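Just so you know, these numbers come straight off a predicted model, no measurement behind them.
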Amino acid sequence: MLGLFDATVVLGSLALSLAILVPLAGALVRFRAHYNPKGLQLDSEGGVQPHTGPVISSFFSMLRRVHRIEGWPGLYKGLMPSLLSTLVITIFLMIFMSDSNLRHGTYSAPDAGVVGILVYSIFAMLVSLPQVIITNRAITTPHKLPYLNPIYSLRVLLTPTERRRPWILYLTPGLLATQVAHIAYIVLGLRSIRQLLLPELANPGMPRSEEISPVKLVIFFVIALLSTIILTPLEVIAIRLSIQRNHAAPEFNSISQEEEGDADEATEYAGVEEDVIGLRTEREPYVGLIDCGKRIIEEEGWGALYRAWWLTTLGSLGGAFS
């Protein structure tokens, strides 16, 4: 277990990381969640009218838009669920991990073979899934959420059905399938290929340059780059499905919900004159992984599935060589 000084250093590093990463992660979630249909829309009388929502073309445009409309509090939406989950993990590691592992950042998933790592990764995903859903919804909601009133925030973010039966979050259509597919591709695909081409990277420490074949390294680098074609749509779909709330009946949308009173509480908005992003109506929800992908392509075009693809590329390269 760490001493007081080491614990202070770890917690200080954690605070700095959150201060930097929360705004960036929030902008990424909003950029990928933003609904921007390319076709014409029907009004309440059946007439055709063009979509009038905001057009946001890049990750950095989203970052600037969040700051312009909602200010610094908007950039730190989702801070509390991220902070709480990170604190729980950090405290657990501080108690049960050795001092040297924590100081040098060497903690990783147990080396139990491909199947063992796959099972471990899926279990970790299942544990964190409710937190991921709540964080993504906290980031994308137009409502202003207090930092220290979780009961109010949960009433805004979760439907009455979800609050009465929290396990229904795991039954969000297509979300589990999307997350498992993402994990399986990384573990069974990228990790297996790396083990085949570059087994030296799995050894502790930095391998010597003469131990690594340049040709195999380039081949694996290209494969990791091409993996963006598969991983980015899965990440976009996962965000879209995670913010799609579960209602008792399909005719209830995200504002009316199922019970009177919920909408009355959520009257304060983060944006003064406009919302940062447009959200798709919940009257016609996505019903699964494939359905979500098809509808995004039909309604918004292929580009919507590859928003901020370069961030996925950086992540897959970093994970592949870690």
### Task
Find out whether Leu145 and Lys77 are in side-chain contact, i.e. whether some heavy atom of one side chain is under 4.5 Å from a heavy atom of the other.
no
### Task
Run the numbers on Thr172 and Gln244 for side-chain hydrogen bond (donor to acceptor under 3.5 Å, both in side chains), then give the verdict.
CA-CA 8 Å; Thr172 301; Gln244 179 174 281; over 6 Å; no
### Message
Evaluate Leu157 against His143 for side-chain contact (heavy atoms from CB on, under 4.5 Å), listing each step before the verdict.
### Response
CA-CA 9 Å; Leu157 300 176; His143 300 294; over 6 Å; no
### Message
Is there a side-chain contact between Arg280 and Ile243 in this structure, where contact means two heavy atoms from C-beta onward sitting under 4.5 Å apart?
### Response
no
### Query
Going by an N to O cut-off under 4.0 Å, is there a salt bridge joining Glu162 and Arg245?
no
### Message
Nearest 0.5 Å, please: how far is NE2 in His247 from CD in Glu282?
### Response
3.5 Å
### Query
Is there any side-chain hydrogen bond (donor to acceptor under 3.5 Å, both in side chains) pair reaching into residues 217-230, and which pairs are they, with sequence neighbours excluded?
Tyr185-Ser227, Thr228-Thr313
### Message
Side chains of Thr161 and Asn246: any donor to acceptor distance under 3.5 Å?
### Response
no
### Query
Can you list the residues that meet the ring pair (Phe, Tyr, Trp, His ring centres under 6.0 Å) rule with Trp72, with sequence neighbours excluded?
His67
### Summary
Sorted by chain and residue number, the side chain to side chain contact (heavy atoms under 4.5 Å, CB included) partners of Pro146 (sequence neighbours excluded) come out as Asn149, Tyr152, Ser153
### Message
Can you confirm whether Thr135 sits close enough to Met80 that some side-chain heavy atom of one is under 4.5 Å from a side-chain heavy atom of the other?
### Response
no
### Message
Among residues at least two apart in sequence or on other chains, which ones pass side chain to side chain contact (heavy atoms under 4.5 Å, CB included) with Val187?
### Response
Val114, Ile117, Leu118, Ser121, Ile183
Under 3.5 Å donor-acceptor pairs involving side-chain atoms of residues 286-294, not counting sequence neighbours:
residue : atom : partner : partner atom : Å
Tyr286  : OH   : Arg240  : NH1          : 3.2
Asp291  : OD1  : Arg295  : NE           : 3.2
Asp291  : OD2  : Val287  : N            : 3.0
Asp291  : OD2  : Arg295  : NE           : 3.3

### Task
Identify whether the distance between the nearest side-chain nitrogen and carboxylate oxygen of Glu300 and Arg307 falls below 4.0 Å.
yes
### Query
Any salt bridge between Glu298 and Lys38, counting N to O under 4.0 Å?
no
### Tyr35 vs Leu279, side-chain contact (heavy atoms from CB on, under 4.5 Å): CA-CA, chis, key distance, verdict
CA-CA 5 Å; Tyr35 181 63; Leu279 295 175; 5.7 Å; no
### Task
Decide yes or no on side-chain contact (heavy atoms from CB on, under 4.5 Å) for Ile133 and Leu175, but give the supporting numbers first.
CA-CA 10 Å; Ile133 292 174; Leu175 183 56; 3.7 Å; yes
### Message
Please report the interatomic distance CG(Leu169) to OG1(Thr159), rounded to the nearest 0.5 Å.
### Response
8.0 Å
### Task
Begin from the C-alpha positions of Leu311 and Thr232 and carry the test side-chain contact (heavy atoms from CB on, under 4.5 Å) through to its verdict.
CA-CA 9 Å; Leu311 286 173; Thr232 306; over 6 Å; no
### Task
Flag yes if more than 12 heavy atoms outside Leu148 fall under 6.0 Å of its CG atom; otherwise flag no.
no
### Query
Mind checking whether Leu231 and Val222 sit in one hydrophobic cluster, side chains of I, L, V, M, F, W, Y counted as touching below 4.5 Å?
yes
Scan the side chains in residues 22-31 for donor-acceptor partners under 3.5 Å anywhere in the protein, sequence neighbours excluded, and list what turns up.
residue : atom : partner : partner atom : Å
Arg30   : NE   : Ile139  : O            : 3.4
Arg30   : NH1  : Glu70   : OE1          : 3.4
Arg30   : NH1  : Glu70   : OE2          : 3.4
Arg30   : NH2  : Glu70   : OE1          : 3.0
Arg30   : NH2  : Gly74   : O            : 2.8

